[in-house]
There are 4 protein chains.
Amino acid sequence: MNKSRPKYMQIIDAAVIAIAENGYHQAQVSKIAKQAGVADGTIYLYFKNKEDILISLFKEKMGSYIEEIDKLIAGKQTSTEKLLMMIEAHFDLLSKDHHLAIVTQLELRQSNKDLRMKINEILKGYLKVIDKILIEGKEKGEFSSNLDVRLARQMVFGTIDETVTSWVMNEEKYDLKALAPPVHQLLINGFGGR
Amino acid sequence: MNKSRPKYMQIIDAAVIAIAENGYHQAQVSKIAKQAGVADGTIYLYFKNKEDILISLFKEKMGSYIEEIDKLIAGKQTSTEKLLMMIEAHFDLLSKDHHLAIVTQLELRQSNKDLRMKINEILKGYLKVIDKILIEGKEKGEFSSNLDVRLARQMVFGTIDETVTSWVMNEEKYDLKALAPPVHQLLINGFGGR
Amino acid sequence: MNKSRPKYMQIIDAAVIAIAENGYHQAQVSKIAKQAGVADGTIYLYFKNKEDILISLFKEKMGSYIEEIDKLIAGKQTSTEKLLMMIEAHFDLLSKDHHLAIVTQLELRQSNKDLRMKINEILKGYLKVIDKILIEGKEKGEFSSNLDVRLARQMVFGTIDETVTSWVMNEEKYDLKALAPPVHQLLINGFGGR
Amino acid sequence: MNKSRPKYMQIIDAAVIAIAENGYHQAQVSKIAKQAGVADGTIYLYFKNKEDILISLFKEKMGSYIEEIDKLIAGKQTSTEKLLMMIEAHFDLLSKDHHLAIVTQLELRQSNKDLRMKINEILKGYLKVIDKILIEGKEKGEFSSNLDVRLARQMVFGTIDETVTSWVMNEEKYDLKALAPPVHQLLINGFGGR
DNA sequence: CATGAATGAGTATTCATTCAT
DNA sequence: CATGAATGAATACTCATTCAT
C-alpha cells in the first residue's frame with residue numbers, strides 16, 4: 001500500500017472513471033485494472049482489497065477537499081461568510097468533476113454497510129469543519145445562542161447533500177454553483193443569522 | 001401479484017425483518033421465505049422477482065405513511081403546524097419500527113441504481129406533500145414570498161433524512177421524536193417564518 | 001388413467017398443440033392444462049406424470065396410424081405396392097397434421113433418453129409392419145433373396161424419417177406427398193426390386 | 001475461447017465423457033470441470049457458456065472427421081468406392097469411440113432446438129461431402145442420371161444414422177463395421193449403380 | 001371428479017483474490 | 001515490481017407434483 005508511487009493515484013483515478021461509467025456493481029477489479037493500464041494482480045500491490053480502493057478513493061478526494069476548504073475559509077472573517085465559502089467550494093468541486101459527482105452521490109451509496117460506515121468515519125473530518133463554523137458563529141453572536149449544533153450540522157450537511165444529489169439525478173442540467181447563495185441564505189435564516 | 005391475500009403482506013413484513021437482521025446482500029430469497037413461513041416458490045406467486053419484493057415493500061410502507069400524513073395535516077390550520085406534524089409523524093413512524101428504520105435508512109440504499117430509481121419514483125409522493133405545505137405557507141404569508149420551493153423542499157427532506165440516518169447510525173440511543181420541534185424550528189427560521 | 005373419458009384425448013390433443021407452439025421445454029404441465037381447459041391437478045387424474053402424457057400421445061397417434069396402415073396395405077397385392085402405400089400414408093398423415101409433424105420430428109426428440117427408449121418400444125409396431133412387407137417381398141421373389149431384413153428396415157425407416165424431418169425443418173415449403181414415389185423407387189431399387 | 005491451449009480440448013474431451021456417462025441433463029458444468037481436472041470457473045475462460053461447450057465439441061469432432069473423410073475418399077477412383085470408404089470411416093470412427101457414439105447418437109439429440117439448429121449447421125459440411133459423391137457418380141454414369149440428389153442424400157444420411165443409432169441402442173453388441181458393405185450395397189442398388 | 005395454491009429440489013455463472021513465473 | 005491464468009464459493013428462480021377443499 002505504497003502511496004508514494006504514481007500507480008496508487010493512477011488506480012484511484014481509474015476507479016472513479018470505471019465506477020462512474022459502469023456503475024458500482026459493474027466496476028469489477030479487472031475493469032479498474034484495465035482502465036488504469038495495469039494487470040489485475042498489480043492492484044493488490046497497492047491496495048489490500050477492492051473495498052480498500054474505494055475507501056482510499058474517498059479518503060484522498062475528501063482529504064484534499066478539506067485541506068482546500070480550510071485554506072479558503074481561513075481568509076474569511078464572519079462565520080456567515082465562511083459557510084458561504086464552504087458551500088460554494090463544495091458545489092464547485094463537484095461541478096468541475098462530473099465523474100466524482102456520480103461516484104460520491106450515487107454509486108458509492110450502494111456499497112455495503114461496512115464500507116459506508118468507514119466512509120462516514122472519513123466524513124467526520126468534514127462535519128468537524130461545519131461544527132467549527134457553527135460554534136464560532138454562536139460565540140460571535142452571529143447565530144442564535146441556543147442553536148443545537150448537532151442538529152444544525154445535520155441540516156447543513158443534509159441540505160447540501162440533498163441539493164447535490166438532486167442535481168446529479170437531474171443529469172446536472174442546471175447550474176449547481178448558482179444555488180450556493182440561496183441555499184446559504186436558507187441555512188443562515190435557520191440559524192437566526194441575518 | 002395478488003395483494004388481497006394475507007401472504008402478500010406476510011412476505012413483505014418478513015422481508016423487512018430479514019433485511020434488517022441480515023443486511024441487504026445477505027437477505028436471500030430463501031431467508032425471506034423462511035422468515036415468512038412459506039416455501040421459496042410461494043414468494044413467486046406473489047412477487048415477480050426479488051426486486052419486486054423490495055419495491056413493493058417500499059410502496060406499501062411509504063404509501064400508508066403518506067395517507068396517514070395527509071389525514072393528520074388536514075386537521076392543522078397553519079403551514080407551520082402542518083410541517084411540525086409531518087416531521088413528528090415521520091420521526092414517530094421510524095421510532096416505532098426499528099426494523100423498518102434500518103431497512104429504509106441503511107439497507108435499501110445499497111440496492112442497485114434501477115431499484116433506487118423506482119424508490120425515488122415512490123418518494124415523489126412524499127415530496128409533493130412537502131411542496132404543498134411550502135406553497136401554502138408562501139401564499140398565506142407564513143413563509144418568505146421569495147422562498148425557492150425546490151431548494152426549500154430539498155432542505156426539508158435532506159435535513160429530516162440526515163437526522164434520521166444519524167439517529168439510526170448512532171444505534172438509536174437518543175429520543176428521535178424529541179428532535180422534531182427543534183428541527184422544525186430550524187427549518188421554519190430558514191423559510192422566514194416566525 | 002381412464003382412457004374412456006373424453007378428457008383423456010382432450011389432454012393429449014392439447015399437449016400436441018402446446019408442444020408444437022411452445023417447444024418441448026416450454027410446454028409446461030400448466031400450459032397443457034390451460035390449452036385443454038382443465039385444472040393442472042386434473043391432468044394427474046388421467047396421466048401418471050408428464051412423461052406419461054407424452055408416451056400416451058405417441059402411443060395413441062402411432063397406434064391409430066398403424067391400424068390404418070394395416071387396413072390400407074391389406075388391399076394391395078405386391079410388396080412393392082404395399083411399401084408405396086405405406087410411405088404415402090406416412091407422408092399424408094404428417095402433411096395433414098402440422099402440429100403433429102413438429103412434435104414427432106423435432107420436439108419429442110429432445111426428451112430424455114428414458115422417454116425416447118419408451119417411444120422406440122412403441123415404434124417397434126411400425127417396424128414390424130415394415131419387416132412384414134420386406135419378408136413377404138423376399139418370399140415372393142420381388143426383392144433380392146439375400147436382402148438383410150434388419151438393414152433394409154433401417155434403410156426404409158431412416159430414409160422416411162430423414163425425408164420428413166428435412167421437410168419439417170424446411171418449414172414444409174414443398175409438397176411432401178409428391179416425394180413418396182421417388183423415395184419408394186430409391187428403396188425398391190436398393191432391395192433389388194423392379 | 002482460446003483454442004490453442006491444451007485446456008480447450010481437455011474440457012471438450014471431459015464433456016464427452018461426462019455426457020456419455022451421466023446423460024445430457026445430468027452432465028452439469030461442475031461435473032465436466034471435475035472430469036477435466038479444472039475449476040468450474042476455468043471452463044468460462046475457454047467457453048462462453050455451457051451450450052458453447054457442446055457446439056464446440058460437435059464442431060471439433062465433426063470437423064476433424066470431415067477432414068479425414070476428404071483425404072480418404074480423395075484416393076478413391078469411383079463414386080461407389082468413395083461412398084463405401086465414407087460409410088466405413090463413419091462406422092469406424094464411432095466404433096472406436098464408445099463415448100462419442102453415445103453422445104452424438106443419443107445424448108446430444110435431447111438438446112434444445114437452438115443447439116440442434118447449430119449442430120445442423122455443422123452437419124451441412126458432412127452433407128456436402130455426400131452430395132459431391134452423388135453428383136460425381138451421376139456425371140460419371142455410375143448412378144442413374146435421373147437420381148434426385150436431395151432425396152438420395154437423405155437416404156444415405158438417414159440410413160447411416162439409423163444404422164448407427166440402432167447399434168448404439170442395442171448396446172453395440174454386434175460389429176458395426178461389418179455392416180458397411182451390405183449397407184453400401186443397398187444404397188448403391190438404390191441409386192441404380194452396380 | 002375437479003380444483004389450483006403451495007411446495008422445494010436443483011444449477012449455470014460471476015468475479016475478487018491468489019501465486020507461480 | 002508486475003503479470004494474468006486459475007480458482008471456487010455463492011444464489012435466484014422454475015415447474016412437476018400434491019392434497020385440502
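Letters A, B, ... are given to chains in the order of the sequence lines, protein chains preceding strands, and every chain is numbered from 1. Just so it is clear, the model here is predicted, and its values are computed rather than measured.
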Please report the C-alpha distance between B/E121 and B/K118 in whole Å, then the side-chain angles of each, then the deciding distance to 0.1 Å, and finally whether the salt bridge (Lys or Arg N to Asp or Glu O under 4.0 Å) criterion is met.
-> CA-CA 5 Å; B/E121 211 52 45; B/K118 283 169 188 164; over 6 Å; no
Donor-acceptor contact present, side-chain [X] to main-chain [Y], <3.5 Å:
X: D/K31; Y: D/Q26; answer: yes
X: C/T104; Y: C/L100; answer: yes
X: D/T42; Y: D/V38; answer: no
X: A/R116; Y: B/L106; answer: yes

B/L54 atom CG is separated from F/dA12 atom P, nearest whole Å, by 11 Å
Between P of F/dA12 and CG of B/D52, the distance in whole Å = 15 Å
Is the distance from OP1 or OP2 of [N] to the nearest side-chain N or O of [X] less than 4.0 Å?
X: B/Y46; N: E/dA5; answer: no
X: D/K7; N: F/dA6; answer: yes
X: A/Q26; N: E/dC15; answer: yes
X: A/Y44; N: F/dT3; answer: no

DNA chain E contacts among residues 28-42 of chain D, heavy-atom distance under 4.0 Å = D/Q28, D/V29, D/D40, D/G41
By nearest-heavy-atom nucleotide on DNA chain E, the more 5' of D/H25 and A/K50 is D/H25
Hey, which sits more toward the 5' end of DNA chain E by its nearest nucleotide, D/E51 or C/I43?
-> C/I43
If I compare all heavy atoms of [X] with all of [Y], which pair ends up nearest, and what's the gap?
X: D/N49; Y: D/Y44; value: CA-CE2, 3.9 Å
X: A/Y24; Y: A/K50; value: O-NZ, 4.3 Å
X: B/Q10; Y: B/A36; value: NE2-O, 2.9 Å

If you check every side-chain atom of A/N49, which of E/dT17, F/dC13, E/dA6 has the closest atom?
-> E/dT17
How would DNA chain E look in dot-bracket form, 5' to 3', counting Watson-Crick and G-U wobble pairs with both distances under 3.5 Å and writing | for bases paired to another strand?
-> .||||||||||||||||||||
Let me know which of C/D13, C/I122, C/V103 forms a side-chain contact (heavy atoms from CB on, under 4.5 Å) with C/K61.
-> C/D13
